[in-house]
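Presented below is the structure to which this report refers.
Everything numeric in this text was worked out from a predicted model, so none of it was measured. By convention in this document, chain letters (A, B, ...) are assigned in the order of the sequence lines, proteins followed by strands, and residues within each chain are numbered from 1. These numbers come from the heavy atoms of this one structure, side chains and all, not from hydrogens, waters or symmetry mates.
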Protein chains: 2
Amino acid sequence: MSRERRSDAVANRDRIVEAARAELSRSNGAVDDLKLHLVAKAAGVGQGTLYRHFPTREHLLAEVYRHELTELVDAVAPLLAEHPPLRALTGWLDRLVEYARVKRGVMAAIEASAWQDLYAGQHHRLDEALELLLDRGKAAGEVREEVDAADVILLLGALSRIPGPEWDKRAPTVVTVIVDGLRPSRARPS
Amino acid sequence: MSRERRSDAVANRDRIVEAARAELSRSNGAVDDLKLHLVAKAAGVGQGTLYRHFPTREHLLAEVYRHELTELVDAVAPLLAEHPPLRALTGWLDRLVEYARVKRGVMAAIEASAWQDLYAGQHHRLDEALELLLDRGKAAGEVREEVDAADVILLLGALSRIPGPEWDKRAPTVVTVIVDGLRPSRARPS
DNA sequence: ACCTGAACACCGTTCAAGT
DNA sequence: ACCTGAACACCGTTCAAGT
């Protein structure tokens, strides 16, 4: 079914992704600063070629951080095997924060892939991974019923917007608030 | 000290703000869709005039939603007078969600004004209002010590990114998670 | 002192021509 | 089948000329 690709196309694609990675790491992954025409230039390809391989900047970002996202998805099963659900979720988010600390762009990639189906065909749907963590938590009575993966991804978006120098100070606080908030309601003050 | 302004300048300013409001309400306050040159055209002024009055789009948005933001600030004192701190905070956020439901742009204005000092001189610093709510909560032992207003605004940013049709479904959930997460930690699962 | 609007700058996107 | 890169489109920003 799937036709062979020309080797120059494959090579170009790789060089584009690599160039994008290089550009991003130069700015600690400030995704909005990534200029596509600079990526094309750095990769030594025409702009049309970049556009052919990656119709949107989100497609490009998804590819750049594919490795990290796959690892995150693959981490879910072991975590759930070794820990109670809420602890698995916490551990998973800790890992996410660690990735994002170095490459801020992973958060942008997660947000983007959540609302489009950039990974629809792939076998590493990140939102399904998160959904599984939440479902196990619900089954154990450790996570409130009404939340879904989209809610959590919306909340985690806060991490994307932490100013660079404040990351170490605010990221842990933000995650703690989210995790604690995910737990079933306590009695509210009258 | 402050020089008189020419009446045409005042009138232009008002017309720009009004035109921006009109444009925004047409798209339910999708702030990114606001085209500044269209605002200038709709207001019947040159683009330079818009730029003179509002050096950034954030300045313009701050002015557009000034009324709402002022009301939010003014609501804090009565809420704290009538309710325990956490309940006051919840009530305040409920009001915020109600504003944002109709005009999604208020969330963008809040985010923008939090990180710049668009209201520095003004007497309705929104982050100070939120800080007061949090401080009272901390004093009452109802809010965890380590959070500040910036953390909460980062988290509330999630509301900005709820897709339009899902607002009614997700906004209450998001707010509930945040408020519950702000409360002091319970014992975590071992 | 303030306004106008053409001109400029910047980037993402397209497409005719080439291999 | 894929690539190139000039051309186009879109917008935000500036500034010389005007009132």
Side-chain angles (χ1 to χ4, degrees), chain A residues 1-24 26-27 29-64 105 108-109 111-112 115-116 118, chain B residues 1-24 26-27 29-64 105 108-109 111-112 115-116 118:
Chain A
M1 208 95 309
S2 66
R3 305 267 313 99
E4 288 291 316
R5 290 215 225 181
R6 267 170 39 174
S7 61
D8 56 342
V10 174
N12 275 335
R13 199 187 140 97
D14 289 347
R15 292 167 65 199
I16 290 167
V17 174
E18 202 46 57
R21 229 187 293 269
E23 292 289 324
L24 281 168
R26 167 182 333 199
S27 60
V31 160
D32 296 334
D33 294 357
L34 187 70
K35 310 299 180 187
L36 297 190
H37 66 115
L38 291 183
V39 172
K41 178 161 235 172
V45 302
Q47 304 184 200
T49 303
L50 192 159
Y51 201 65
R52 157 182 287 265
H53 285 293
F54 303 103
T56 70
R57 76 189 292 115
E58 280 74 27
H59 283 261
L60 177 55
L61 288 174
E63 190 58 34
V64 167
E111 288 185 85
W115 299 109
Q116 312 182 213
L118 294 176
Chain B
M1 208 94 309
S2 67
R3 301 268 314 98
E4 287 293 316
R5 289 216 227 182
R6 266 171 40 175
S7 61
D8 57 342
V10 175
N12 275 335
R13 200 186 139 96
D14 289 347
R15 291 168 66 198
I16 291 167
V17 175
E18 202 46 56
R21 231 188 293 270
E23 291 289 323
L24 280 167
R26 169 183 330 199
S27 60
V31 160
D32 296 334
D33 295 357
L34 187 70
K35 309 299 178 187
L36 296 191
H37 66 116
L38 291 183
V39 172
K41 177 161 235 170
V45 302
Q47 303 184 201
T49 302
L50 191 160
Y51 199 64
R52 157 183 287 265
H53 287 292
F54 304 103
T56 70
R57 78 188 292 115
E58 280 73 27
H59 283 262
L60 177 55
L61 289 174
E63 191 58 35
V64 167
E111 288 186 86
W115 299 109
Q116 314 182 210
L118 293 176

What is the separation between atom CD on A:Glu23 and atom P on C:dC11, rounded to the nearest whole Å?
12 Å
Identify which nucleotide among D:dC11, D:dC2, D:dT4 has an atom closest to any side-chain atom of A:Thr49, counting heavy atoms from C-beta outward.
D:dT4
Is there a side-chain polar atom (N or O) of A:Asn12 under 4.0 Å from OP1 or OP2 of D:dC3?
yes
With a non-hydrogen cut-off below 4.0 angstrom, is A:Leu34 in contact with a base, only sugar-phosphate, or nothing?
sugar-phosphate
Any donor-acceptor pair, under 3.5 Å, between the side chain of A:Gln47 and the base of C:dT14, if you only look at N and O atoms?
no
Considering heavy-atom distances to DNA chain C, does A:Gly48 or A:His37 have its closest nucleotide positioned more toward the 5' end?
A:His37
Rounded to whole angstroms, how far apart are CG on B:Leu50 and P on C:dC3?
11 Å
Heavy-atom distance under 4.5 Å between the side chains of B:Tyr51 and B:Leu36, does that happen here?
no
Which nucleotide sits closest to the side chain of B:Asp8: C:dC2, D:dC3, C:dC11?
C:dC2
Taking the basic N atoms (NZ, or NE/NH1/NH2) and the acidic carboxylate oxygens, is any pair closer than 4.0 Å for B:Arg21 and B:Glu18?
yes
Calculate the interatomic distance between B:Asp33 atom CG and D:dC10 atom P; express it in whole Å.
15 Å
Presence of A:His53 side-chain N/O under 4.0 Å of D:dC3 phosphate oxygens OP1/OP2
yes
Can you name the residues that form a side chain to side chain donor-acceptor pair (under 3.5 Å) with B:Asp33, not counting sequence neighbours?
none
Spacing of B:Phe54 atom CZ relative to D:dG12 atom C1', expressed in whole Å:
16 Å
Closest to the B:Arg52 side chain: C:dG5, C:dT13, C:dC2?
C:dC2
Taking atom P of D:dT14 as reference, at what distance in whole Å does atom OH of B:Tyr51 sit?
4 Å
Main chain of B:Leu34, side chain of B:Arg57: is a donor-acceptor contact present, judged purely on distance under 3.5 Å?
yes
Please report the distance, rounded to the nearest Å, between CG in A:Asp14 and P in D:dC3.
12 Å
Rounded off to whole Å, could you give me the CD1-to-C1' distance for the B:Ile16 and C:dC2 pair?
12 Å
Re D:dA1: Watson-Crick or G-U wobble partner, both distances kept under 3.5 Å, found to be C:dT19
Partner of D:dC11 under the Watson-Crick or G-U wobble criteria, both distances under 3.5 Å, comes out as none
Nucleotide D:dA1, atom P - distance to CZ of A:Arg13 in whole Å
18 Å
Could you go through B:Arg13 and B:Glu63, starting from their C-alpha distance and side-chain angles, then the distance that decides it, and tell me whether this counts as side chain to side chain contact (heavy atoms under 4.5 Å, CB included)?
CA-CA 10 Å; B:Arg13 200 186 139 96; B:Glu63 191 58 35; 3.1 Å; yes
